Structures are given as structure tokens and as C-alpha cells.
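Structure, as C-alpha cells:
Small disclaimer: the values here were computed from a predicted structure and weren't measured. Atoms considered below: every heavy atom in the structure, side chains included; atoms not considered: hydrogens, waters and symmetry mates. Positions are given from 1 along the sequence.
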Amino acid sequence: MLRIAVPNKGSLSGPASAMLHEAGYQQRKESKELVLVDPDNEVEFFYLRPKDIAIYVSAGKLDIGITGQDLLIDSGANAETILPLGFARSTFRFAAKPGTASTIADLAGMTVATSYEGIVAKHLADSGIDASVVHLDGAVETAIELGVAQVIADVVETGTSLRNAGLEVFGEPIMKSEAVVIRRTGAGTDDPKVQQFLRRLQGVLVARAYVMMDYDCRAEHLEQAVALTPGLESPTISPLHNEGWVAVRSMVPAKEAQRIMDDLYAIGARAILTTAIHACRL
């Protein structure tokens with residue numbers, strides 16, 4: 001069986017299990033379940049702490065893992081990303097009291113508090129900055145107030161919690177992260193079971209990004225319509241009973257669907273419908 005690590009808690013857990021369910025895999029019904037066997041798909045899922053997943057995969061104990069790009073880099077594990085998953089996106093930034101620093105060069109000789117020591121230490125070293133890094137678990141905003149550090153490095157989404165603590169972000173982002181599928185470095189993806197797993201997840205990503213659009217249009221307007229809805233290969237065109245009309249079916253990006261519908265209507269297309277795509281293979 002293919003042995004796969006899944007986050008057991010935190011912001012990665014729910015979306016990861018939801019994606020696996022959409023891909024046709026069984027998922028646990030109780031949060032206390034640590035192992036789930038899906039015999040129909042020949043897969044065994046292990047629910048682990050997100051920070052530990054890269055270590056298990058790196059050691060070869062598990063074939064594949066779903067974790068955060070940030071956690072992979074921070075772990076220093078011998079594993080690599082084989083598929084980005086597009087959820088749990090985050091940005092890592094430096095923050096400090098106003099006037100403390102404006103660029104990474106200003107951090108020379110300072111102390112930075114963070115929960116991601118590996119990421120920050122590597123970023124500083126790569127930038128040639130000699131600064132100390134203090135590892136703290138949990139919220140790091142209070143580290144400056146308590147005199148543990150002059151600067152913090154943390155995940156920034158809206159920045160509200162930092163502003164509430166009297167801090168402001170500065171400099172360029174340290175890194176951007178998202179959920180990823182990882183595999184031991186050098187293991188490759190030639191294994192048919194691994195390829196099937198990746199195809200299923202890629203199918204979910206495409207299904208989420210596209211909708212199926214159907215509409216009717218006059219034959220003389222078909223080229224204009226096809227230019228708006230080219231599809232992945234090309235749209236499906238079928239003649240209608242009423243002479244001079246055709247039915248068109250095509251996949252279109254979900255985020256552009258409303259604009260495309262407006263443009264189709266403007267050139268005379270009618271009966272324009274969109275439907276969700278639940279699964280696909282390209």
C-alpha cells in the first residue's frame with residue numbers, strides 16, 4: 001500500500017482531508033483516529049503533527065506527505081516538493097517596533113524571535129546578515145515587549161495582530177508558503193501508485209479552477225464565441241434543430257466565468273449555463 005502522511009490538526013488538516021475526499025479517498029471520521037486504511041485505493045493514511053511529516057517522509061518511513069512548504073524548509077529534512085496544492089497560503093515577514101529597522105541589513109547584531117528557526121536562520125545566512133535567532137513556540141509578538149528580541153519573524157496574513165501589538169512589518173517577505181505534497185529527495189515519481197495519487201490531486205485542482213460552460217449561438221457568431229471559450233483542446237460544437245444555431249460546450253476558468261457570460265451574451269449567445277466540475281483527468 002502507498003503510505004501517506006496527512007496533517008492531524010491546524011490550518012492544513014481540514015483542507016487536506018477535504019481534497020483527499022474529493023480525490024476519491026476515504027478519510028477519518030473521528031479526529032482521534034491516527035491511521036486509516038483505504039483498501040479499495042490501496043492507500044494507508046497516517047495522521048501526524050504537521051511539523052513531523054517531513055521527517056517521516058525523509059526517513060523513508062512514509063512514501064508521501066502533505067505539509068506546508070514552510071514546515072518542509074524549516075525541518076531541514078531530506079524531502080522535496082512534488083506538487084503544490086494551492087491552499088494554506090501564507091507569507092513570512094519580519095516585524096518590529098516602528099523605527100527599529102527598515103531592511104534586512106538593519107538586523108545585523110540584533111536578535112530575531114520566531115517559531116521557524118530553520119527558515120529564518122537560513123534566510124539571514126543567505127543574505128549575509130550576522131544576527132541571532134531565538135526559537136519560541138506559539139505567539140511570538142510578546143517577545144519584543146519582554147525584551148527577548150528586537151525583531152520577530154512570523155506568518156503575516158492581515159497584519160492585525162501585529163498592529164495590535166504595536167509592531168509593523170518591514171523589508172521584503174522572507175518566503176511565501178502553501179500546502180504541498182512532498183516525497184523523499186531522489187525517490188522520484190515513477191512509482192505507478194504515486195503517479196495515480198498525483199493525477200487524482202491534479203484533477204481536483206483543475207476541477208476547482210474550472211467550470212463547464214454550455215450555450216447556444218448563431219452559426220455566424222461561432223468564431224467570436226469560440227475565441228471567448230477556446231477550452232483546453234477545443235470546444236465541442238453540436239448543431240441544433242433550429243437551422244443556423246449551434247450548441248457549444250467548453251471548460252472555462254471559474255474566476256472568469258461571469259465576464260465570459262457577459263461577453264457571450266453581448267454577441268448574441270443565449271441559454272448560457274455553467275456547471276461545477278467534480279473530477280477530471282487531463
Check your understanding: Partners of Tyr25 by ring-ring contact (aromatic ring centres under 6.0 Å, His included), sequence neighbours excluded?
Key -> Phe45, Phe197
Check your understanding: Got a sec, which residues hit side-chain hydrogen bond (donor to acceptor under 3.5 Å, both in side chains) with Arg259, two or more places apart in sequence or on another chain?
Key -> Glu256, Asp263
Point to revise | Cluster check Val140, Ile144: I/L/V/M/F/W/Y, side chain < 4.5 angstrom | key: yes
Exercise for review: Kindly check if the number of other-residue, nucleotide or ligand heavy atoms within 6.0 Å of NZ (Lys97) is above 12?
Suggested key: yes
Check your understanding: Among Val43, Leu62, Asn41, Asp38, which residue meets the side chain to side chain contact (heavy atoms under 4.5 Å, CB included) test with Leu2?
Key -> Val43
Point to revise | More than 12 heavy atoms from other groups under 6.0 Å of NZ on Lys122 | key: no
Practice item. Take Leu20 and Ile4 through the test side-chain contact (heavy atoms from CB on, under 4.5 Å) and record every step on the way to the result. Key: CA-CA 11 Å; Leu20 290 168; Ile4 302 173; 5.6 Å; no
Exercise for review: Determine, for Phe170 and Arg93, whether the Lys NZ or Arg CZ falls below 6.0 Å from the six-membered ring centre while staying within 45 degrees of the axis.
Suggested key: no
Point to revise | Minimal non-hydrogen separation, Ile64 against Arg183, with atom names | key: CG1-CD, 4.4 Å
Revision key, fill the gap. Excluding Trp245, membership of its hydrophobic cluster (Ile, Leu, Val, Met, Phe, Trp, Tyr; side-chain heavy atoms within less than 4.5 Å) reads Leu240
Check your understanding: When clusters are formed by joining ILVMFWY residues with side-chain heavy atoms under 4.5 Å apart, either directly or through shared neighbours, do Leu107 and Met175 land in the same one?
Key -> yes
Practice item. Check whether the side chains of Glu80 and Thr185 place a donor and an acceptor atom closer than 3.5 Å, and report yes or no. Key: no
Revision key, fill the gap. Going by chain and number, the hydrophobic cluster around Met212 (ILVMFWY, side chain to side chain under 4.5 Å) further includes Val206, Tyr210, Leu232, Met251, Ile277, Leu282
**Study point:** Partner residues of Thr229 under the side-chain hydrogen bond (donor to acceptor under 3.5 Å, both in side chains) criterion, sequence neighbours left out
**Key:** Tyr215
Review point. Members other than Met1 in its cluster, when Ile, Leu, Val, Met, Phe, Trp, Tyr link by side-chain heavy atoms under 4.5 Å?
Key: Val37
Practice item. Before giving the answer on side-chain contact (heavy atoms from CB on, under 4.5 Å), spell out for Leu222 and Ile237 the whole-Å C-alpha distance, their side-chain angles and the decisive distance to 0.1 Å. Key: CA-CA 9 Å; Leu222 182 58; Ile237 313 296; 3.9 Å; yes
Point to revise | Exceeds 12 heavy-atom contacts within 6.0 angstrom, atom CD of Glu33 | key: yes
